[in-house]
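Okay, so here's the structure we're looking at.
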Amino acid sequence: MDPEAALLRVAYLLDRTLAPSQKALAFAKATETVRSIGPAALAAKAADGTLLELPGIGKSTGSVIAEALAGKVPHYLRTLEEASEVPISDAAAPYRAALKGDCHLHSEWSDGGAPIEVMAATAQALGHQYMVLTDHSPRLTIAHGLNRDRLLDQMAVIENLNEELAPFRILTGMEVDILEHGDLDMDEDLLDRLDIVVASVHSKLKMPAEEMTRRMVLAIASPHTDIVGHITGRKVSSAQVTRVLDGLDQAGPDAPLEDPDRDASPKRAQSAFDAELVFAACARFDKAVEINCRPERQDPPDDLLELALEWGCKISIDTDAHAPGQLEWQAFGCEKAARHDIELDRIVNTWDADTLLEWASSHPTG
Ligand SMILES: [Zn+2]
């Protein structure tokens, strides 16, 4: 097996398991070393047993390289391949099959780990016809949010990539921060030019419910907003994360946990707001509520999703992937959709790109 391919695959699979990103990064770094040293020198180092002298090569990366060079599928890779497999139930499979794109994902332009073209190639390999690139907005500095100039640069890059990748399409977008008073964190003229805008709350999640409701409703009412990202901002317990990754959440991830040894305390409480008003606004302005597939988010919780459906809101099943392997997480959102028996045609990313764009440009008339 080619050592470079083996290392890259390990990095991909580590991201799929939600392993700490340093772990995947170590494999990505080792890939760079392997690429720069070249196959002959690498083989010589392996023969001498001195692989670990190379920069960025440690015990795990070294053994993956050595086994690959020996013509084997590395043990570490084989084990991880099985352990990280994303499960999907029979009930959820038709949802996954119906999804034509992913409307919320990040690249290394903000806080993602991969170039746009790698995210696009992965999305395409997973059967998608399009993806919406939604890197963060400027004031989310911790996530290297894009300012006006960088967003413009990114839009130009996407235009070129689309020529290469056709018929696959990268739609332009942004995960725009909903600021404290409900404003969106980007200039109107650029928001107007983007294909799809996901609006999310990232700060002051603990503000009083009345203020949070006003903040969210204002953002939902903005003609630029198309999708509301991770609506409660919650981070679930490690027990719930494990259950989703293991495919055991078909009874509902919000059902009480049976294993008392696992840490069942939420990592971050959901923000408080008047959900009836928020979903009424989404329905009135014809905005989609995101099912965020990230195992640590699983947003919205089941009771709120049910309420959104009662209000007639549209839904978008998005990964919020920050690495290529995470693009497979749509299956987790599909489990949620199946449990709630959501009609396929109200899920906006079961539509083709043109229909999605038509819907987005119809805002705010509803
Ligand atoms: Zn995001």
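One-based numbering, in listed order, for ligands and for the atoms of each. A quick note: this is a predicted structure, and the numbers were derived from the prediction, not measured.
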Query raised in the report: Any N/O/S atom of H230 sitting less than 2.8 Å from the Zn ion (ligand 1), backbone or side chain?
Result: no
Query raised in the report: Would you say H104 reaches the Zn ion (ligand 1) with an N/O/S atom under 2.8 Å?
Result: yes
Report summary line: Closest heavy-atom pair, L171 versus D195, reported as atoms and distance to 0.1 Å, is CA-OD2, 3.4 Å
Hey, which N, O or S atom on [X] ends up closest to the Zn ion (ligand 1)?
X    : answer
H106 : NE2
D320 : OD1
E175 : OE1

Query raised in the report: Does the gap between the ring centers of H106 and H144 come in under 6.0 Å?
Result: no
Report task. Find the distance between CG (L305) and NE2 (H340) and round it off to the nearest 0.5 Å. Result -> 4.5 Å
Query raised in the report: Are any of the side-chain nitrogens in E328 or R16 under 4.0 Å away from the carboxylate oxygens of its partner?
Result: yes
Report task. Could you please spell out the steps behind the side-chain contact (heavy atoms from CB on, under 4.5 Å) verdict for E180 and M207? Result -> CA-CA 9 Å; E180 198 181 334; M207 67 168 32; 3.8 Å; yes
